Amino acid sequence: MPQDIYDKISTMAKRRGFIYPSFEIYGGIAGFYDYGPLGAQLKLNIENLWRRFFVLKDNCVEISTPTITLFEVLKASGHVEEFTDLTVDCPKCKKSFKVEDIIGSTPVEEALKEKKIKCLGCGTILTNPHPVNLMFGTTIGIGDGRAAFLRPETAQGIFTNFHLLYRYNRERLPFGVVQIGKGYRNEISPRQGTLRQREFSMAEAEVFIDPKIKTHPKFPSIVNEPIKLFDNETEHNVTVGEAVSRHIINSQALAYYVHLTSSFLLTAGVDPKKFRFRKHASDELAHYATECWDAELYSERFGWIECVGIADRSAYDLNAHLQASGVDMYAVRKYDEPKVVKRRKITPKMDVLGPLFKQEAGKIKAILETMEAPAKGSLTVTVDKKTVKIPDNAYDVTEVEEKTPGEKFIPNVIEPSFGIDRVLYFLIEHNYKEVSKKDEEYTILSFPACIAPITAGVFPLTDDEKLVSVAEQINSDLRDAYIHTYFDTTGTIGRRYARMDEVGTPFCITIDHDTLSDHQVTIRDRDTTEQQRVPMKAIVGILKEKIACSAPVH
RNA sequence: GCGGAUAUGAUCUAGUGGUUAUGAUAUCGGCUUCCCAAGCCGGUCACACGGGUUCGAAUCCCGUUAUCCGCACCA
């Protein structure tokens with residue numbers, strides 16, 4: 001098979017220190033990759049660029065929560081059910097089914113023995129039952145510890161802190177919270193290299209909004225920006241404003257983050273021609289989502305690959321945690337003036353309720369205090385699934401006027417969720433260029449300056465001591481200014497340029513004999529190979545400006 | 001998970017049941033040269049792992065692992 005771009009990139013990435021297969025000296029394991037020195041720096045640069053968009057520009061706050069997540073959290077969020085499927089295969093029509101779709105709640109072993117599990121299509125007896133559980137389980141503590149999972153997404157760490165974060169944000173909506181970190185999925189069969197890993201990095205933003213005001217404060221500034229949307233039938237080349245007015249995207253808030261994502265990806269260096277947004281069909285939506293747009297990037301080998309999901313998770317998660325934990329996950333929509341409501345308030349008489357209901361009296365009291373007294377008839381409450389009648393002499397009714405400052409509601413969530421490793425791979429693939437120089441194959445990674453792992457090569461033209469010491473000074477000045485450099489005195493200058501081109505270093509600074517007298521150096525541009533003579537003192541400033549990576553026109 | 005193919009230095013690769021296992025690139029050292037992968041000399045680094053057959057296995061057989069292709073799966 002001829003080498004395609006994926007093979008070439010894999011080879012280059014390993015050879016030059018971007019990506020290594022993990023644990024290779026012990027045989028390796030599918031779905032795990034190490035980032036070498038250049039890969040780790042590239043990943044850090046991508047994450048920091050992401051922070052510039054989501055934290056600095058969009059005002060989200062960043063938190064950090066454990067990757068080991070308590071069973072209860074993922075039970076409440078639906079992941080325990082949704083990620084654990086027992087699946088059986090049909091040997092005849094080669095289809096797989098969830099066991100529970102076929103036999104309901106019958107124990108599986110029994111059903112297998114009795115050959116009750118038959119293919120819904122052709123009636124053949126199904127075989128090979130295997131659990132498809134995408135979460136890694138573990139136990140916290142020794143012995144009867146508490147069950148836990150490695151998190152399948154960082155989002156739950158944000159949801160479970162909602163009440164604290166809402167207060168941090170001084171009880172105002174909208175606000176966004178981000179987290180960058182590892183997620184884990186025990187993929188059945190990882191393929192496609194780093195595009196499908198079992199441990200992977202994600203950057204997620206959970207933006208909490210009022211479901212009645214699904215907008216974004218900066219939406220007006222982007223209404224005329226173009227965007228390419230594919231709804232599985234038609235490709236719409238529209239403006240962000242049109243996307244919303246024509247209901248291709250169903251809210252301004254969602255559309256805003258579609259645009260922000262686009263802006264981030266293009267700044268990071270994805271090829272606009274290999275980039276689109278695609279809407280999830282209703283049958284591919286996650287269990288928590290009501291609408292989802294994927295940013296898809298095109299790979300020459302793998303086709304269109306989802307790298308970012310921008311989902312409207314509605315109130316799903318906060319509601320789930322509210323139900324399961326009992327902690328208030330509401331926000332308040334303030335009225336212009338507090339509303340005054342007359343209410344027939346119940347005041348329980350504990351001296352009657354206590355002896356009557358014993359240990360249940362406390363629960364009954366709590367329920368009664370939230371209830372409206374019936375205008376007529378008897379009062380009943382439901383405690384532990386039992387309905388009990390409360391005698392008239394066990395409570396008083398008083399008519400009170402209650403002031404309500406606003407309406408309670410569960411916020412909705414817009415979630416842009418980025419697969420960092422996928423973005424990283426695509427930045428390599430989209431920027432991988434082959435040219436031929438003097439009949440030799442020559443490769444260039446045309447990374448934008450803001451994400452390139454090394455910003456500048458620093459080269460004395462010869463290994464003359466005088467040149468080397470000036471170059472060393474320039475090198476340390478740059479490093480003092482947080483600019484990553486690669487200092488190299490060996491080999492010909494062409495070879496040194498070539499080495500930098502292959503790993504995507506945008507600039508090389510060369511110190512030659514003239515530098516000693518005119519205090520100028522040469523800056524060489526990777527993409528044009530053009531050279532510019534500039535004063536030594538100006539270099540830090542020039543490079544800092546280049547790294548700033550202003551947003552491209554698109 | 002099922003079926004097929006593959007596995008030799010960091011990379012690409014030659015090779016045979018029998019001495020010390022090719023060659024190139026890269027890398028390191030030396031000489032030389034110095035603005036786009038120059039040359040010469042020298043050095044480091046490999047038969048995926050485990051078992052079997054055999055006097056002898058990197059080579060043949062089996063298993064494992066990984067990778068690639070197809071199927072299935074894929075918030």
Side-chain angles (χ1 to χ4, degrees), chain A residues 1 3-4 6-8 10-17 20-32 36 74 77-79 82-83 85 87-91 93-98 127-132 134-135 151-153 155-156 183 185-193 195-196 202 204 280 284-289 292 294 301 305-306 309 311 313 415 417 419 435-444 457 459-464 467 489-502 508-514 521-526 529-531 533:
Chain A
M1 192 181 68
Q3 276 215 323
D4 69 4
Y6 176 82
D7 292 319
K8 288 175 182 171
S10 303
T11 297
M12 184 281 293
K14 187 174 178 187
R15 190 162 40 82
R16 301 310 303 267
Y20 309 131
S22 296
F23 320 120
E24 200 183 22
I25 64 168
Y26 291 106
I29 178 82
F32 294 90
L74 293 158
S77 70
H79 285 87
E82 296 296 330
F83 272 67
D85 296 338
T87 304
V88 282
D89 301 330
C90 176
C93 44
K94 303 278 182 196
K95 282 183 181 163
S96 288
F97 301 93
K98 273 197 204 175
T127 55
N128 186 29
H130 50 279
V132 178
L134 290 183
M135 289 198 290
R151 65 185 179 193
E153 55 174 8
Q156 297 305 325
R185 289 176 200 179
N186 200 359
E187 298 286 353
I188 301 163
S189 171
R191 295 272 177 94
Q192 307 180 326
L195 295 183
R196 190 181 201 84
M202 43 190 157
E204 297 189 298
H280 272 204
E284 61 180 318
L285 284 170
H287 65 276
Y288 49 69
C292 184
D294 283 346
R301 176 182 283 199
I305 299 288
E306 158 200 359
R313 294 179 78 134
E415 177 199 66
S417 173
V435 294
S436 74
K437 262 191 184 181
K438 295 179 190 165
D439 292 334
E440 265 201 277
E441 207 173 75
Y442 193 94
T443 64
I444 299 175
F459 308 144
L461 191 57
T462 70
D463 57 6
D464 182 331
L467 296 189
T489 62
T490 63
T492 63
I493 194 70
R495 180 179 295 272
R496 285 180 271 174
Y497 288 155
R499 226 183 253 128
M500 290 292 97
D501 287 344
E502 194 181 14
C508 292
I509 294 158
T510 309
I511 291 86
D512 57 32
H513 287 97
D514 294 339
V521 294
T522 303
I523 295 187
R524 176 238 188 213
D525 182 277
R526 174 197 61 207
T529 75
E530 275 168 17
Q531 302 185 75
R533 225 36 213 162

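As the structure is a computational prediction, the values presented were derived from the model and not from experiment. Here is the naming used below: chain letters follow the sequence lines, and residue numbers restart at 1 for every chain.
- In this structure, A:A498 reaches the bases: a heavy-atom distance under 4.0 Å links it to at least one base atom across the strands shown.
- One donor-acceptor pair, N or O on each side, does fall under 3.5 Å between the base of B:C35 and the side chain of A:Y497.
- Contact between the side-chain N/O atoms of A:R301 and the OP1/OP2 oxygens of B:C69 is found at a separation under 4.0 Å.
- A 3.5 Å limit on both hydrogen-bonding distances identifies B:G43 as the Watson-Crick or G-U partner of B:U27.
- Considering only side-chain atoms of A:Q531, the nucleotide from B:C35, B:C73, B:U33 that sits closest is B:C35.
- Residue A:M135 contributes atom CE, which lies 20 Å from atom P of B:C73 at whole-angstrom precision.
- Spacing between B:G3 and B:A72 at atom P, rounded to whole Å, works out to 16 Å.
- Of the candidates B:C74, B:C34, B:U67, B:C34 carries the atom nearest the A:D463 side chain, counting heavy atoms from C-beta on.
- At the heavy-atom level, A:T522 lies under 4.0 Å from base atoms of the strands shown.
- If you check every strand for non-hydrogen atoms under 4.0 Å, A:R16 touches nothing.
- Comparing the same atom, P, in B:C36 and in B:G70 gives a spacing of 45 Å after rounding to whole Å.
- Using a 4.0 Å heavy-atom distance criterion, A:Y6 is classed as a sugar-phosphate-only contact.
- Backbone-only engagement by A:I29 is indicated by non-hydrogen atom pairs under 4.0 Å involving sugar-phosphate atoms exclusively.
- Both A:P190 and A:D525 lie close to RNA chain B; mapped to their nearest nucleotides by heavy-atom distance, the more 5′-ward contact belongs to A:D525.
- Comparing the C1' positions of B:A57 and B:G17 gives a spacing of 7 Å, expressed to the nearest Å.
- Using Watson-Crick or G-U wobble geometry with both donor-acceptor distances under 3.5 Å, B:A66 finds its partner in B:U6.
- Atom name C1', nucleotides B:A58 and B:G18: the rounded distance is 13 Å, in whole Å.
- Within the nucleic acid shown, A:D512 comes within 4.0 Å of at least one base atom, counting heavy atoms only.
- Note on A:Y26: every side-chain N or O is 4.0 Å or more away from OP1 and OP2 of B:A48.
- Of the C1' atoms belonging to B:G52 and B:C12, the separation is 33 Å, rounded to the nearest Å.
- Each of A:I493 and A:P152 lies near RNA chain B, and the nucleotide nearest A:I493 is the one positioned closer to the 5' end.
- One N or O donor and one acceptor, one from the side chain of A:R524 and one from the base of B:C36, sit under 3.5 Å apart.
- For B:U27, one of the phosphate oxygens OP1 or OP2 lies less than 4.0 angstrom from a side-chain nitrogen or oxygen of A:R499.
- Distance from the side chain of A:E502 is smallest for B:A37 among the nucleotides B:C12, B:C34, B:A37.
- The separation of B:A24 from B:G15, taken at their C1' atoms, amounts to 15 Å, rounded to a whole angstrom.
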Given the rule in the side chain to side chain contact (heavy atoms under 4.5 Å, CB included) test, do A:R524 and A:D501 qualify, once you have shown the distances and angles that lead to the verdict? CA-CA 11 Å; A:R524 176 238 188 213; A:D501 287 344; 2.8 Å; yes

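- When the nucleotides B:U67, B:C2, B:A37 are ranked by their closest atom to the side chain of A:R191, B:C2 comes out on top.
- Rounded to whole Å, the P atom of B:C31 lies 32 Å from the corresponding atom of B:A21.
- Rounded to whole Å, the separation between the C1' atoms of B:U22 and B:C34 comes to 35 Å.
- At a threshold of 4.0 angstrom between heavy atoms, the contacts of A:F459 with the nucleic acid are absent.
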Evaluate A:R526 against A:E502 for salt bridge (Lys or Arg N to Asp or Glu O under 4.0 Å), listing each step before the verdict. CA-CA 10 Å; A:R526 174 197 61 207; A:E502 194 181 14; over 6 Å; no

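- Within the 4.0 Å cut-off from OP1 or OP2 of B:C35, not a single side-chain nitrogen or oxygen of A:T492 is found.
- Residue A:R495 places at least one side-chain N or O closer than 4.0 Å to OP1 or OP2 of B:U27.
- Between the side chain of A:R196 and the base of B:C74, at least one donor-acceptor pair of N or O atoms lies under 3.5 Å.
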